[in-house]
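Report on the structure given below.
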2 protein chains.
Amino acid sequence: MIRLSKLTDYAVVVLSRMSQDAGAVHTAPALARSTGVPEPTVQKCLKLLSKAALVASRRGAAGGYALARPAEAISVAEIIAAMDGPIALTACVDGASGGCGVERVCAMRGGWDRVNRAIKGALESVTLADMAAPSCTTHLPGALTDFIPAGAGN
Amino acid sequence: MIRLSKLTDYAVVVLSRMSQDAGAVHTAPALARSTGVPEPTVQKCLKLLSKAALVASRRGAAGGYALARPAEAISVAEIIAAMDGPIALTACVDGASGGCGVERVCAMRGGWDRVNRAIKGALESVTLADMAAPSCTTHLPGALTDFIPAGAGN
DNA sequence: ATCAAGCGTACCAATCTAGTCCTGTATGGG
DNA sequence: CCCATACAGGACTAGATTGGTACGCTTGAT
């Protein structure tokens, strides 16, 4: 399974929570309370997100975090890149020239690159607004089931 | 980084090596020698691949492995599924109902599913033949660089 | 019968991730 | 002016996952 780190998952949750009051300043403890994610983890997420300039931080007594951009302008690809680093499938890709000792392997990097680009495109086409938005509307009981194509995911 | 396991990477290498003599029977030690991948690892890969019916195994003294299908009929998605299991980004997706304890999170599963499907499509569109073939043609220098999001510090 | 080669399982080691905590710094209110 | 609040940054620990290895068993040709 191609695994996405939990931190990224949490980040999406936190960001989508923030997008419900876009422009408002949210403190880390408040976000932890409203999302159910442990507070230290929320802080860790927000720190990484602020480093990536996806959220704006304000220090001090009345401080907190706010979305740096509207939710429509934040892609899932950016969130993943902020949390997990560059989006790449293979170790060969991220500049590790010494990593893959087998040289003849590299002959197929072009193929991986093609896959990588397709995946990146898929991730960029989904915004935070898409994830957070009328979720309750689409999230009917059982709606998820037929949302998944037959045989997909396996 | 969305990480693909090394086993999968090795599997592609081994399979592409086998596709150079499609139809022939290759022994695990011979494949290990010709690819540079450690022999036990090759064995592990081939076992998983034979379980997934991507390669046909032949036991006994003159045994070995052969591609079960022509390289054009084997997609990267199948290889990944054989090695790493179902293709899915989040833990929520693969049937783990108790996995994500935060219920309000699940409101956005529809969004993840959309991403998952796009990724799966991308992986299915690339075949083993595409990976093994004249890849050097498509592997332009720098093509990889602009794939990685700018400022995505690891 | 013997030997080569795959099959299966279990096991160990290394790596990576998740989660926590601590110390510092800035801001605003009393 | 002082203190409480909240972010910033890093270090650290525990856990899980993965990669790699080692055994013994089964199969089939010679």
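What you are looking at is a predicted structure, and each value in this text was computed from that prediction instead of being measured.
- Toward the 5′ end of DNA chain C lies the nearest nucleotide of B:Y65, the other residue of the pair B:Y65 and A:G60 mapping further downstream.
- Side chains of B:S19 and B:S16: a donor-acceptor N/O pair is absent below 3.5 angstrom, by distance only.
- Using a 4.0 Å heavy-atom distance criterion, B:L7 is classed as a sugar-phosphate-only contact.
- Nucleotides of DNA chain C nearest to B:G63 and A:P40 differ in position, and the one nearer the 5' end is that of B:G63.
- D:dG20 atom C1' lies 13 Å from atom CD of B:E39, rounded to whole Å.
- Atom CE in B:M83 sits about 11 Å away from atom P in D:dG20, given to the nearest Å.
- Across the protein-nucleic acid pair, A:L4 atom CG and D:dT17 atom C1' stand 16 Å apart, rounded to whole Å.
- Going from atom NZ of B:K47 over to atom P of D:dA22 covers 13 Å, rounded to whole Å.
- The nucleotide whose nearest atom lies closest to any side-chain atom of B:A61 is, among C:dA18, D:dA6, D:dA29, D:dA29.
- Taking the nucleotide of DNA chain D with the nearest heavy atom to each of A:Q43 and B:S5, the more 5' of the two is matched to A:Q43.
- Of the candidates D:dC7, D:dG19, C:dG19, the closest approach to any side-chain atom of A:T27 belongs to D:dC7.
- A:R17 and A:S34 share a side-chain donor-acceptor pair at under 3.5 Å.
- Remark: A:L4 CG to A:L123 CG distance equals 8.5 Å, nearest 0.5 Å.
- Of the side-chain N and O atoms in A:T41, one or more sit less than 4.0 angstrom from OP1 or OP2 of C:dT20.
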Does the pair B:H26 and B:V14 meet the rule for a side chain to side chain contact (heavy atoms under 4.5 Å, CB included), with working shown? CA-CA 10 Å; B:H26 307 261; B:V14 170; over 6 Å; no
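- Distance, B:R59 CZ to D:dG28 P: 7 Å, rounded to whole Å.
- Between A:E78 and A:R69 there is a salt bridge, with a side-chain nitrogen of the basic residue lying less than 4.0 Å from a carboxylate oxygen of the acidic one.
- Protein atom NZ of B:K44 is 16 Å distant from nucleotide atom C1' of C:dG6, rounded to whole Å.
- Atom CG in A:L46 sits roughly 14 Å away from atom P in C:dG19 (whole-Å rounding).
- Between A:D9 atom CG and C:dT17 atom P there is a gap of 16 Å when expressed in whole angstrom units.
- The side chain of B:S50 places no N or O atom within less than 4.0 Å of a non-bridging phosphate oxygen (OP1 or OP2) of C:dG6.
- In this model, the phosphate group of C:dG28 is approached by a side-chain N or O of A:R58 to a distance below 4.0 Å at OP1 or OP2.
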